[in-house]
Amino acid sequence: MTASVPNSPKRNLLVLHATVFIWGFTGILGAVISINAVQLVWYRVMIASLTLLLYFLCTKTSLKISRKQFLQFFFTGSIVAVHWILFFYAIKVSTVSVTLVCLSSFTLFTAILEPLIKKKAILVPDVLIGLLIILGIYMIFKFESGYTLGIIMGLLSALASSLFSTINSTLVQKSDPKIIGFYEMTGAFFWISIYRLFDQSLLTEQFNLSTSDWSYLLLLGTICTALAYVAGVSVMRTLSAFRVALITNLEPVYGILLAFLFFGTKETMSPGFYAGAILIISAVFLYPIYQKRRKLN
């Protein structure tokens, strides 16, 4: 893992697409890893934390932060843990496609939470984009009622993701995003470990995983989490926020295409689901375009 990405916009654009593609691939890994969502995330954040620690040691990066920053990052890590647990649980009880489309509602929750947390006015166009997403979610609920639990968990995962992303947008103004990520993942590992102590069913599993599970977990923790995080942050040095937001919205598209490739007919949904999914993804893509035009005006 290199310390930085060369400052070439074209190269960084390819790196960003690759990073978003990798993020889309996490859903596939969540479906094929046999352990439950809590255990899966526990291993993920443990491996990612150790990988990032090794990266910081190799690059001689200081991890020194203030007590206030440590507490902020550490407690935000609990929200990160909740987001990932709900995300993988949704995959386990539904499908990758359903979960990723529901995760796209992140834009809706951000449009609501960010003004509340930062004490700003909620704008009417934000509400309209949100209503389109709500309509898409309603259509998915209506036509895929068999996946109700997965849809609810996917939406709650999006809510948690929106909450910690909004918090991070404030924290990143004063701290290195890579340092924030390390302490948040370490915090997530700590809070899940505490939870495991009170759930005896989780303690019985320990480290007796299959070879395939270990292989997938290592891939998830290193490439799909630690490396993708560092790469995703690095490319922002030369790419505009608009372009980053637009390409990041391709995650559910990449994920759904990969799900079809790996799982075939299991990921086939009703026409109503695809109509709702197109509505949600279209609204998500419209959001950064609208934001850019609003800033220009």
Side-chain angles (χ1 to χ4, degrees), residues 13-14 16-33 37 40-41 44 83-110 129 132-162 165 216 219-220 223-225 228 232 243-289:
L13 189 61
L14 292 174
L16 181 58
H17 272 287
T19 301
V20 174
F21 184 84
I22 289 171
W23 288 340
F25 190 67
T26 59
I28 307 300
L29 292 175
V32 298
I33 295 173
L40 193 160
V41 178
R44 178 184 189 177
H83 158 60
W84 277 340
I85 289 171
L86 291 172
F87 172 73
F88 287 116
Y89 183 75
I91 289 174
K92 299 290 186 182
V93 298
S94 59
T95 69
V96 176
S97 298
V98 167
T99 302
L100 287 173
V101 169
C102 289
L103 194 62
S104 298
S105 63
F106 164 91
T107 302
L108 166 64
F109 293 121
T110 301
I129 292 289
L132 284 176
I133 294 174
I134 290 172
L135 178 59
I137 292 170
Y138 168 76
M139 293 176 67
I140 291 174
F141 261 112
K142 182 178 180 181
F143 292 99
E144 298 295 341
S145 57
Y147 294 125
T148 297
L149 181 59
I151 294 170
I152 293 172
M153 293 298 105
L155 292 174
L156 290 175
S157 173
L159 175 60
S161 176
S162 174
S165 295
Y216 294 140
L219 179 61
L220 179 64
I223 305 299
C224 297
T225 307
R243 181 166 286 188
V244 170
L246 205 60
I247 294 172
T248 300
N249 289 335
L250 285 170
E251 180 182 351
V253 178
Y254 286 147
I256 290 171
L257 291 174
L258 284 168
F260 274 117
L261 180 63
F262 281 87
F263 304 123
T265 55
K266 182 183 176 182
E267 290 290 327
T268 302
M269 301 293 163
S270 65
F273 167 84
Y274 292 112
I278 290 171
L279 191 59
I280 292 172
I281 293 172
S282 297
V284 168
F285 271 97
L286 284 172
Y287 191 68
I289 296 173

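The two residues I140 and A277 come nearest to each other via the heavy atoms CD1-N, 4.3 Å. Taking every heavy atom of both residues into account, S157 and L103 meet most closely at OG-CD1, 3.7 Å. Across A283 and L132, no two heavy atoms sit closer than the pair CB-CB, 4.0 Å. Of all the heavy atoms in G30 and K92, the pair that sits closest is O-NZ, 2.9 Å.
Under the side-chain contact (heavy atoms from CB on, under 4.5 Å) rule, L220 has a single partner from V41, I28, I33, I22, which is I33.
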message: With side chain to side chain contact (heavy atoms under 4.5 Å, CB included) as the criterion, how do L100 and V253 come out once you've worked through the C-alpha distance, each side chain's angles and the decisive distance to 0.1 Å?
response: CA-CA 8 Å; L100 287 173; V253 178; over 6 Å; no

message: Between L156 and F109, is the side chain to side chain contact (heavy atoms under 4.5 Å, CB included) condition met? List the steps.
response: CA-CA 10 Å; L156 290 175; F109 293 121; over 6 Å; no

query: Given T225 and W84, is the side chain to side chain contact (heavy atoms under 4.5 Å, CB included) satisfied, shown in steps?
result: CA-CA 11 Å; T225 307; W84 277 340; 4.0 Å; yes

- request: Carefully, step by step, assess F88 and R44 under the rule side chain to side chain contact (heavy atoms under 4.5 Å, CB included).
  value: CA-CA 11 Å; F88 287 116; R44 178 184 189 177; 3.4 Å; yes

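Here the straight-line distance linking atom CD1 of I137 with atom CD1 of I152 works out to 11.5 Å at 0.5 Å rounding. With rounding to the nearest 0.5 angstrom, the CZ atom of F263 is 9.5 Å from the OG atom of S97. Here the CD1 atom belonging to I134 is positioned 11.0 Å from the CG atom belonging to L279, to the nearest 0.5 angstrom. In this structure, OH on Y274 lies 13.5 Å from CE on M139, to the nearest 0.5 angstrom. Atom CD1 of residue I151 and atom OG of residue S105 lie 11.0 Å apart, to the nearest 0.5 angstrom. We find the OG-CD1 distance between S104 and I133 to be 8.0 Å, quoted to the nearest 0.5 Å.
Under a 3.5 Å cut-off, the side chain of T95 and the backbone N or O of I91 do not form any donor-acceptor pair. With K142 contributing its side chain and F273 its backbone, the two residues share no donor-acceptor pair below 3.5 Å. Checked by atom type and distance alone, the side chain of S162 never pairs as donor or acceptor with a backbone atom of A158 at under 3.5 Å. S94 places a side-chain N or O within 3.5 Å of a backbone atom of A90 that can act as its donor or acceptor partner.
Heavy-atom contacts from other residues, nucleotides or ligands closer than 6.0 Å to CZ of F21 number 12 or fewer. Heavy atoms from other residues, nucleotides or ligands lying under 6.0 Å from OH of Y216 number 12 at most. Atom OH of Y89 is surrounded by 12 or fewer heavy atoms from other residues, nucleotides or ligands within 6.0 Å.
Looking at residues two or more places apart in sequence or on another chain, you find a ring-ring contact (aromatic ring centres under 6.0 Å, His included) between F262 and F25.
Listed by first and then second residue, the side-chain hydrogen bond (donor to acceptor under 3.5 Å, both in side chains) pairs involving residues 251-260 are H17-Y254 (not counting sequence neighbours).
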